Amino acid sequence: MTTKSILNSLASKGIISDQQANTIASFESEKAFSIHWELRSVLYLGILFFSSGAGILIYENIDTIGHQAIIAVIALITAGCFYYTYKNSLPYSCEKVENPNKLIDYVLLLGCSTFLGLEGYLQYQYNLFGTRYGLAVIIPTVVFFLCAYRFDHRGALSMAITGLASWLGLTIAPLSVLADNDFSDGKLIMPAIALGCVLTAAGWLSETQNIKKHFAFTYMLMGGNLACIAAQIGLFSHSPKILYFFIGIGLCYFFIHRARHAQSLLFLLMGTVYGYSIITYTIFDNLGPDAAFGLGIFYFFFSSIGVIYFLLNFKKFLGVKPAIKK
Amino acid sequence: MKKAYNQTWVENLYVHRQAAAWKSKNLLTSEQEEEVKTQFAEKFYRPGIFVKIGLFLFGVVACSFFVGFLSLFIYDTSSEVGFSTLSLICCACFVFMLEYLIKTKNLFHSGVDNALLYAAIIAAMVPVFLLFEHAPVWAYCLIALVIIVPATLRYADLLGPVMIFGLIFTIMAELMMKFPLGKALLPFAVMILSAMIYALARKNNDIYYHECRQILEVLALVTFYLGGNYLVVRELNALINGLNVSVAPQIAFAPLFYLFTFIIPVCYVFWGLKKADRILFIIGLVAFAFSVYTYTHYFGILTASQELVLGGTLMIATTIILIKYLHTAKYGISDEQNRKNSLENLQAVIAAQELGVTPASPGLEFGGGTFGGGGAGEAY
């Protein structure tokens, strides 16, 4: 299978003319080897090396430079980033804004991180916010939400959602949800579920109301994972179990049905995996240890085959159109 | 080896991808791309990556509980022979299921078939470990190769080439480590073996093994470079000779390895650019970075932070100069975004052909795309 043989078969089936085949062949043989992405990667790596090297250099020489100077530099970088982003951004729109200037995405992200760094530095060195940690967290959250909507940046949106959750006494990020949070305190579970549901609803609304439709994915992914994991922890270790069971199953049902309008089959996977573990836990919890052991092998074997059958035929079950995004 | 998946469909998938690439460069019209899709049909079940992950996970669960399920019917599972029998029966069931699903459900690397294949191979390997307990490592590797090579040829699984590559190198290292001369010549043996594997992989033009071939190429290029790298050779030399010292001693043929460390990345990058081979080019760049690290590891006089600043500055400066230099394509190398290209005259050719001789409406749907060629602009 070479380009030539493909072109020949296309031409022989009458899809393209001989003339077009010749043009494509000559294009393929003459086209230049583009090293665009390689050059950009090296450039970003260079920037990363330079900035981290400079950071370490400053850290090593902090006594001779002084804190005020460093804070001033960080503040200048932050201000510069936000100014550049504002200058080069396109006006606000409820649709997705395609800015041909890809650099501002990175600049905005850099600005947001340095803003966080600046705030952390001020708090660490001068105890700016004292013990009002809530205030310290909510300021960047608001700033990031504004940035996310104004400059159409999903990275800033994720940071804002994380900030919002930290403000509620949590830190969410897809992988560290379980690692960092202490869910053993039952008080946190309900707020976590509530926040997750609110975020999911926000995603739902932004899609139906057509306000930044492409943000729905980020909202639902982060909110959904938070709510589902919190519901599961509640189910495993707290009562009333029946409440958590219905919340969890309801969320999973919602996600599996999302696959109809799917932007991504990720939600199908989330719904299936969370739903499977919730149902499995409930069944075994109610059976008692002896019956559970006897049933276990049969249950897992047949149920996982059932799930595979469902995933192989989900289009039929859900009535999804074949044109679903792959 | 007869191929498990439908060869024509695999080839048609490749044609689709090629057509999509031409479409994105406005070399084909949307109607022509649709025509390609209907004329070169494929009916593989290829869900998204997330459904694949789910299928794989539940496939693994199903396979492992199938073993447990079956063990209920076989009483004598505690002895080695009994468990080996169970394992072989499972292997047969997995392979049967794999073939059945591929035939009926048109799977193509969809998660379940990967899980079943891995489970079958593991089940086939278990008796080997149980029944021959004190065989040398290379014997195990050889038996594993006998199982995995045909499986890879049949199913073209992506983990196959990785396993085969690792096993071949383990066998070679194991055999050469037995002799003092073998230890000394190990780097050269690694390089020769890598070169041979690379040459063999390049010979294969079957689309069915396209991805497998790319994986083998990457691995062979990396080991070829590492086999000649001064740092790797010096440190590993100290390690395998059991020298427990803080600074590894100088090695034999040191100048030769200095030369290899410098010349291999340069050759990779040069040939990658010349032959328009992206794998070669990118590995060359990474290898070059590792060579720089090798140099600074032994001869560096700067601290880590100073090196970072200097390296970063050089990288930024070089790339910016290159981006400016490649604003127009030179020597067959360009800096075009999105790998898109716009050939105005080709547009005209297609337009004329599509609309007959009368180009009536100006609203051609393939004219309106964003094809602002001519390189970087501000967007880096």
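Computed from a prediction, not measured in an experiment: that's the story for all the values here. To find a chain, count down the sequence lines: A is the first, B the second, and so on, and within it residues start at 1. Atom set for the values below is all heavy atoms of this structure, side chains included, hydrogens, waters and symmetry mates excluded.
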Subject >> Top contributor to chain A interface from G111(B), G312(B), G68(B) [non-hydrogen pairs under 4.5 Å] >> reply: G312(B)

Original post:
So what's closer than 4.5 Å to chain B heavy atoms on F302(A): side chain, backbone, both or neither?
Top reply: side chain

Original post:
Under a 4.5 Å heavy-atom cut-off, does chain A meet the side chain of I282(B), its backbone, both or neither?
Top reply: side chain

Subject >> Between L48(A), I305(A), V307(A), I56(A), the one whose heavy-atom pairs under 4.5 Å with chain B are most numerous >> reply: V307(A)

**OP:** Tell me, for L273(B) versus chain A, whether the close heavy atoms (under 4.5 Å) come from the side chain, the backbone, both or neither.
**Re:** both

Original post:
Is it the side chain or the backbone of V42(A) that comes within 4.5 Å of chain B heavy atoms, both, or neither?
Top reply: both

Subject >> N225(A) (side chain) donor-acceptor with G223(A) (main chain) under 3.5 angstrom >> reply: no

**OP:** Heavy atoms only, distances under 4.5 angstrom: which of L39(A), V273(A), L45(A) has the most pairs with chain B? Name it, please.
**Re:** L39(A)

Subject >> side chain to side chain contact (heavy atoms under 4.5 Å, CB included) between Y274(A) and F255(A), intermediate numbers included >> reply: CA-CA 10 Å; Y274(A) 285 129; F255(A) 284 130; 5.7 Å; no

Original post:
Quick one: are the ring centres of F66(B) and F94(B) less than 6.0 Å apart?
Top reply: yes

**OP:** Using atom types as modelled and distance alone, determine if a side-chain donor or acceptor of S110(B) lies under 3.5 Å from a backbone N or O of F108(B).
**Re:** yes

Original post:
Which atoms of V112(B) come close to chain A, meaning under 4.5 Å heavy atom to heavy atom: side chain ones, backbone ones, both, or neither?
Top reply: side chain

Original post:
Quick one: which of F49(A), Y44(A), F50(A) gives a side chain to side chain contact (heavy atoms under 4.5 Å, CB included) with I316(B)?
Top reply: F50(A)

Original post:
Y299(A) and F284(A): aromatic ring centres closer than 6.0 Å?
Top reply: yes

